[in-house]
Every structure is written in C-alpha cells, then in structure tokens.
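As structure tokens, the structure follows; a few thoughts come after it.
Just so you know, these numbers use all the heavy atoms, side chains as well, and skip hydrogens, waters and symmetry mates. Sequential numbering from 1 along the given sequence is applied to the chain's residues. Since this is a predicted model, take the numbers as computed values, not measurements.
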Amino acid sequence: MTISPITRRAALAGMGALAASPALAKAPLLGVARPDFYRFKLGAFEVATILDGVIQRGEPQSIFGTDQTPEAFAALAAANFLPVDQIENGYTPVVLNTGAEVILFDTGNGAARRPGRGALREILAANGLAPEQIDIVVITHFHPDHVGGIMEGDGPAFPNARYVASRLEFDWWRANAAVRGEAFERLLESTVFAVAENMTFLEDGRDVASGVTLLAAHGHTPGHSVFHLESEGRRLMICADACNHYVFSLQRPEWHVRFDMDKEAAGRTRRRLLDMLATERTPFTGYHMPFPAIGHVERFGDAFRYAPVSYQLNL
C-alpha cells in the first residue's frame with residue numbers, strides 16, 4: 001500500500017494537533033510502585049504474603065558476611081548482579097486461612113513504631129480480611145520487626161486473636177530482654193509480654209493447628225521457630241528469619257549475619273533447613289526475601305541457590 005504525500009502530511013499535521021492538546025500533556029513521573037499482597041492455594045488452605053514495607057540502606061556487608069573480607073563480599077555480589085554498596089530488605093508477614101481459622105505469622109513493624117513501614121492491618125483489610133477476623137497470631141521470634149504490630153493505638157491490633165510462640169523464645173527473653181537495651185525491653189513489655197496471659201507456648205514438633213507445625217530453628221534468636229504447613233499433600237515452610245537474603249543466605253549459609261544472636265548455630269540451622277528444602281523440593285517463604293517472598297531451593301555447588309516462584313502456586 002502506497003501513502004500519498006498529501007495523506008502523509010495530513011496525518012502528521014493531525015498528530016501535531018493531538019500532541020499540542022492540553023488533555024494529552026506529558027504524564028508526570030509517579031515514582032516506584034510495587035505489589036503488597038499475594039494470595040494462593042495450598043491444598044485446602046489459602047496462604048497470603050503481605051509486604052509490610054521495605055528498607056534500603058548502604059553498607060550491606062555491615063549485615064551479611066560480617067566475618068568475610070570486602071573482596072569476598074564484593075565478588076559474590078557482583079556475580080549475582082547486586083550492588084556492593086546498597087541493599088533492600090522487605091518485611092513479609094504471612095496469613096493462613098485453613099477454612100476453620102485464620103492464622104497470622106508475625107505482626108510486622110507496627111504503624112506507630114515505623115510510620116510508612118507498618119501497614120499490615122490496612123493491607124489485610126484492603127484484601128478482604130478485617131483485623132477482627134484473625135483468630136491466631138503466631139510469633140516466630142521476638143525481634144522488633146516481628147512483634148512491633150502486636151499493639152496499635154490503645155489495644156491489640158488483632159483484638160479477637162490468641163497468641164502462639166515458642167516456650168524457649170518467651171522464657172529466654174523474659175529473663176534477658178535487658179541485654180538488648182532499655183528501648184528493646186520496653187518494646188517487649190508493651191507487646192509480647194502485654195499479651196502473655198493470652199499466649200500458648202509450644203515446643204519443637206507441636207501443632208499450632210491441624211497441618212501447621214512448629215519446628216525449632218535456633219540461632220537467629222534462642223527460640224527462633226519456623227512453621228511447616230501441609231494440606232492435601234501440598235507443603236510450604238514459613239522460614240521467618242532463618243534465611244534473610246536470597247543470595248548471601250543461600251549461597252553462603254555459614255557467613256555471619258549481624259542480627260543472628262548465635263552466629264555459628266544460625267549457620268548450622270540455615271544449612272540444615274536449606275538442605276531439607278532442596279531435598280524435599282518444598283517451597284518456602286522468607287520474611288526478608290524479595291516480594292512475594294516465596295521460592296524454592298536448588299543445590300548450587302556445595303551450597304544453594306534461590307529459585308523464585310512464578311506461576312506454580314497459581315495452578
């Protein structure tokens with residue numbers, strides 16, 4: 001088809017008129033946008049991950065690989081297309097609807113404690129779950145970004161919930177909260193210890209509910225726990241802070257991590273857990289993994305590599 005010069009000039013003139021129209025002015029830059037909620041089926045269960053904000057900071061080696069040389073850290077970062085001078089971590093609680101109960105794993109930062117990174121209740125409500133519908137709140141461990149959202153305003157953020165935690169975790173922090181300083185002690189007093197009378201304490205291997213089992217994964221904290229979910233043959237591991245980075249934690253599980261309280265024990269726990277996930281091909285969630293914070297573990301030399309989910313869980 002041949003377009004005549006007259007037709008071409010007319011078309012170009014029309015495009016110029018459209019470009020000049022105020023209704024088609026250049027769109028402003030809107031900034032970064034990212035999803036904050038992902039829900040999928042796990043057998044008869046529904047599971048959702050919620051992004052309770054992100055934090056970006058410099059000097060990632062001040063957190064991961066603190067026992068390594070700068071050269072070793074830089075080489076691993078470069079091999080995985082990561083900057084050596086910046087890092088981003090998200091905060092990802094998990095909510096499980098078994099059909100009989102709605103169970104929330106960790107409460108995020110708390111809106112009052114970290115404005116802009118504590119929108120858990122609002123995100124849940126926007127996706128069909130009111131705070132009053134949470135039946136059980138499970139606390140994987142007592143670090144601030146996991147317990148900060150227990151209270152909001154003048155009372156519990158999830159007013160109808162009972163609480164579940166590791167007996168070891170509770171007892172250790174009850175006796176030793178002051179070792180982290182006065183501010184941390186006040187936080188625990190106003191969150192975890194404030195709801196202690198409504199808390200059930202579990203040991204390794206005990207069930208929160210049918211198909212939901214606590215497994216000891218100590219090292220990050222003295223009683224840090226992970227949770228195994230199973231329904232109709234489908235499985236998922238909620239790993240909390242056992243693995244806190246999709247590269248540094250998996251490809252170098254023994255590297256020291258600043259926030260691991262017992263660094264050697266945490267490294268052993270990490271390797272044991274990753275070996276189990278790789279062997280059994282079980283997907284997992286990690287509290288600080290890139291959202292939606294769900295992936296598989298594959299063997300990679302003498303360590304492991306993260307394989308983020310794509311559409312598998314939607315089928």
Side-chain angles (χ1 to χ4, degrees), residues 38 40 42 47 49 51 54 56-57 59-92 94 140 215-220 224-230 234-315:
Y38 175 59
F40 58 95
L42 188 78
V47 181
T49 57
L51 183 61
V54 300
Q56 297 169 341
R57 64 175 80 187
E59 299 183 355
Q61 199 184 356
S62 69
I63 302 174
F64 297 100
T66 58
D67 59 331
Q68 301 298 308
T69 66
E71 292 78 14
F73 183 87
L76 183 62
N80 288 276
F81 307 99
L82 292 174
V84 73
D85 59 344
Q86 288 183 301
I87 195 168
E88 177 180 277
N89 265 344
Y91 306 92
T92 312
V94 177
T140 63
L215 300 176
H218 304 160
H220 182 65
H224 180 273
S225 302
V226 301
F227 292 85
H228 178 261
L229 313 184
E230 184 166 4
R234 301 289 295 275
R235 303 169 62 197
L236 177 75
M237 192 76 78
I238 298 175
C239 287
D241 281 8
C243 303
N244 275 344
H245 194 278
Y246 78 104
V247 170
F248 305 131
S249 294
L250 275 78
Q251 294 186 26
R252 300 293 188 273
E254 281 82 21
W255 276 16
H256 286 185
V257 178
R258 172 182 169 188
F259 298 112
D260 287 343
M261 294 177 64
D262 184 332
K263 293 173 173 47
E264 298 299 330
R268 292 191 297 270
T269 291
R270 210 158 22 247
R271 180 170 284 277
R272 172 178 58 81
L273 187 60
L274 292 168
D275 183 70
M276 179 176 68
L277 294 172
T279 299
E280 299 179 2
R281 300 177 64 83
T282 303
F284 78 102
T285 71
Y287 196 73
H288 298 291
M289 292 289 164
F291 197 76
I294 309 170
H296 287 84
V297 178
E298 62 176 342
R299 299 191 188 282
F300 182 57
D302 64 350
F304 308 93
R305 185 157 54 188
Y306 185 65
V309 297
S310 54
Y311 57 78
Q312 305 97 309
L313 299 178
N314 303 333
L315 302 178

Residues two or more places apart in sequence or in another chain: which of them pass salt bridge (Lys or Arg N to Asp or Glu O under 4.0 Å) with [X]?
| X | result |
| --- | --- |
| Arg305 | Glu298 |
| Arg258 | none |
| Glu254 | Arg271 |

Is there side-chain contact between [X] and [Y], with at least one heavy-atom pair below 4.5 Å?
| X | Y | answer |
| --- | --- | --- |
| Leu273 | Phe304 | no |
| Tyr246 | Asn80 | no |
| Pro60 | Leu82 | no |
| Leu236 | Val47 | yes |
| Arg57 | Ile87 | yes |
| Asp241 | Thr140 | no |
| Met237 | Val226 | yes |

Only counting residues at least two apart or in another chain, list the ones meeting side chain to side chain donor-acceptor pair (under 3.5 Å) with [X].
| X | value |
| --- | --- |
| Asp260 | His220, Arg270 |
| Arg299 | Asp275, Thr279 |
| Asp302 | none |
| Gln56 | Glu88 |

With Arg234 as reference, evaluate Leu42, Leu229, Thr282 under the side chain to side chain contact (heavy atoms under 4.5 Å, CB included) test and give the passing residue.
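Option passing the side chain to side chain contact (heavy atoms under 4.5 Å, CB included) with Arg234: Leu42.
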According to the salt bridge (charged side-chain N to carboxylate O under 4.0 Å, His left out) rule, which pairs have a member within residues 277-294, sequence neighbours left out?
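Listed once each, the pairs are Arg235-Glu280.
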Applying salt bridge (charged side-chain N to carboxylate O under 4.0 Å, His left out), which residue pairs with at least one partner in residues 74-86 are found, sequence neighbours left out?
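Of all non-adjacent pairs touching residues 74-86, none passes salt bridge (charged side-chain N to carboxylate O under 4.0 Å, His left out).
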Looking only at heavy atoms, what is the nearest atom pair of Leu51 and Gly90, with distance?
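Smallest heavy-atom distance, with atoms named: CD1-CA, 4.1 Å.
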If you look at every heavy atom in Ala240 and His224, which pair is closest and at what distance?
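In this case the closest contact between Ala240 and His224 is CB-NE2, 3.5 Å.
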Thr285 side chain to Ala293 main-chain N or O, any donor-acceptor pair under 3.5 Å?
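Judged by distance alone, no pair lies under 3.5 Å.
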Side-chain atoms of residues 65-73: list all donor-acceptor pairs with protein atoms under 3.5 Å, sequence neighbours left out, distances to 0.1 Å.
{"residue": "Asp67", "atom": "OD1", "partner": "His256", "partner atom": "N", "Å": "3.1"}
{"residue": "Gln68", "atom": "OE1", "partner": "Trp255", "partner atom": "NE1", "Å": "3.4"}
{"residue": "Thr69", "atom": "OG1", "partner": "Ala72", "partner atom": "N", "Å": "3.0"}

If the condition is ring pair (Phe, Tyr, Trp, His ring centres under 6.0 Å), which residues does His228 pass it with, not counting sequence neighbours?
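Testing His228 for ring pair (Phe, Tyr, Trp, His ring centres under 6.0 Å), a comparison that skips the adjacent residues, returns none.
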What residue pairs, at least two apart or across chains, pass ring-ring contact (aromatic ring centres under 6.0 Å, His included) with a residue in residues 268-299?
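Sorted pair list: Tyr91-His288, His146-Tyr287, Phe284-Tyr306.
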